[in-house]
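Notes to accompany the following structure.
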Amino acid sequence: MKYYTVVIPTTKNVVGISDIIIEDPLVSSVICENNSLEALPISGQYDSFVKSPTGVIEKITGNPSYRIDITSKIQQGNSWQLAIAIAHILHNNKLLSFSNEENLISNNNVSVIWASGTINTNLDVKGINYLDNKVKKSITFFRQCVQKNIIVKIIISHENKDYFHKILDSDQFLKDAILKKQIIFISVKNLKNFFEKNLKLSIHNIQNNSLNFFSKIRKYLKPIIFSFCFLFVILQAYNIWQVITPLAKLKAEENHRILLTNLSEYRQGKLSQRIGAYFFDYFQQIEANKLNNQVTLNFLPYSKESNLRKICMKKEMSFYIDCGLNVEATNVGNDKVFLWMLRYTDDQFLSDEKFKSVIVNPELINGMIQSKETISIDIKERKKPSVLFFVYGNKFDNKIRKWLLNLSKRKSLLNSTVKRIKTLGYGFSVKKINHVSIIKDVY
Amino acid sequence: MNKIGGVSNTFLTINYLNLSKNFSSKKTEDKINIRKVWDVVINPTKYDNQINELLKNKNFSRVFFKILDEEGSIHQNNLIAAASENVLKRSTEEFKLEIIPSNKDKKIFYLLLTILKDFKLPLLNLYVICNNISLCKKIPSFKEKQAQMILKKDDEFFKLITNPESEIFIR
């Protein structure tokens, strides 16, 4: 961070600022020389310069009373206002490096601000007299700064700009130093603009009180909004957790009836319940997808008759109607998988007049497939158009069997059974073989 | 001094000369010049640099404060203090005195003197008298009826003004 030392030129010498202290608001602001107990004669003017409504410093910093110590006396005049105002603003931003009585520049890693001018309540910088004298008395100081490679910023009112250029013509050292950018000359119309443009500091408090309030609010708006959002997210996360935890517990306890009832209630419930149900479904879907990917089904037409063997080949998703059909279920994962398979005859087929005499026996098979193993299921009476409902799970669940048996009795339960199985995180696959032996996905 | 003022002051001086007739002492160093006392009362600025020295003379001090009291300066008697702690606030109907520590140095204090009534005579000095010790401090210019002085805790004046036993005169 760049620090600044502010000096006040007078017609006698260059004066440094050795301390700025915020005092009790009841106390009038004072300027003293080197920690003395005597307030300098300009203290009254300084107090008026600080205290609102006449002064500007209170409007900028919010403090109505200061004690400021300077390295040598200033007895009269108002041209100290610009330098003192700059010093207060820098001090308020913790960017001011103080001078001491023996040495105006106590730290060589600073930039020096040499400022002379008066300020009105709008922070407009006004011109001053005796500028030539002040510059002349500061030349030795400028030389010392240049020798120490310390940048000096000469800040005066825009009104004094032309006069300063005339002074430059008579002083070769100053002219050269400005050309070499060892000394930077800045003429200022308004102090606020100077800080924003040259020092990249904004003076928020300078506007009237109502704007002040808004600027203060604006300053804290981001953290306030962030805090509210953070608290809202935390609260929602807590509510969602309160929804998901009992659902997970019900699932672990295999209390499927209550779990499904609660879930359907939550899907129509409050925002947190809806989000909780959504998350629960999402995690179940991940589990189901994992199981679906773990089991691969392979439909293999076959025939024991030698003349049919060649034509009993699956071509895309169809096979010859006189061939037998085996289903190979392979567990490609690392964990065992439980498999249920229900085969039932398609209702659409049964409603057909010519098949009315056909007897339909639902077939339910269940078993376990170890990792990297395959089981083969022979589909008997394969000429009947039928639906194959496969369910996969990590553990054996008797309820799956019950649900599948119910489904075999009432085909209208297909959708609700699929929904239940999905909700509980089981993998499933439904295939339909029609009367021309075409295998197609139903779900 | 105009004619009427001159007559008035002469009258007052005669009065105090009468007062001085009642003053008698065998010690030669106790003898005081009542004209000088009067001059100090009338022209305090003339004695800015000598006043504290003059007040060291107990007789001078006694007569001087008697005159100040009689003449109508702002005055506060010693306080009826419940404790012997330093008094940092004193107030009467005529003035308010407040002592506030500085944030720069806890040994430095600001003395705020607020005048609550209008006075025709200029108020130039703040006098403190306690146990026959008296001191004076020049009051800086008033701003909105308030004047401010900087005091050091070790100063005799600070010790006196914060002593509940001390009397205060402003003139």
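Labels below follow one simple rule: chain letters A, B, ... track the order of the sequence lines, proteins then strands, and each chain is numbered from 1.
- The environment of A:Lys12 atom NZ is sparse: at most 12 non-hydrogen atoms of other residues, nucleotides or ligands sit within 6.0 angstrom.
- Around the NZ atom of B:Lys153, the shell of radius 6.0 Å holds no more than 12 heavy atoms that belong to other residues, nucleotides or ligands.
- For A:Ser43, no part lies under 4.5 angstrom from a heavy atom of chain B.
- Using a 4.5 Å heavy-atom threshold, the side chains of B:Leu151 and A:Leu37 count as separate.
- Under the 4.5 Å side-chain criterion, counting only non-hydrogen atoms from C-beta, A:Val30 is in contact with B:Gln148.
- Between the CG atom in A:Asn35 and the NZ atom in B:Lys104 there is a gap of 4.0 Å [rounded to 0.5 Å].
- Contact of B:Lys143 with chain A is made through the side chain alone, with heavy-atom distances under 4.5 Å.
- By the neighbour-count criterion of 12 heavy atoms within 6.0 Å, atom OH of A:Tyr130 is sparsely surrounded, having that number or fewer from other residues, nucleotides or ligands.
- In this structure, B:Ile100 CD1 and A:Ser65 OG are separated by 8.5 Å, a value rounded to the nearest 0.5 Å.
- Rounding to the nearest 0.5 Å places OG of B:Ser102 at 3.5 Å from CD of A:Glu23.
- Atom NZ of B:Lys58 is surrounded by 12 or fewer heavy atoms from other residues, nucleotides or ligands within 6.0 Å.
- Only the side chain of A:Asp69 comes within less than 4.5 Å of a heavy atom in chain B; its backbone stays farther off.
- Side-chain atoms of B:Asn103 do not come within 3.5 Å of backbone N or O of A:Ile21 as any donor-acceptor pair.
- Atom NZ of A:Lys222 has 12 or fewer heavy atoms from other residues, nucleotides or ligands within 6.0 Å.
- Other residues, nucleotides and ligands place no more than 12 heavy atoms under 6.0 Å from the CD atom of A:Gln76.
- Within a 6.0 Å radius of CD in A:Glu38, no more than 12 heavy atoms belonging to other residues, nucleotides or ligands are found.
- Between atom CG of residue B:Leu112 and atom OG of residue A:Ser28 there is a gap of 6.5 Å, rounded to the nearest 0.5 Å.
- When every heavy atom of A:Leu26 is checked against every heavy atom of B:Gln146, the shortest pair comes out as O-OE1, 4.2 Å.
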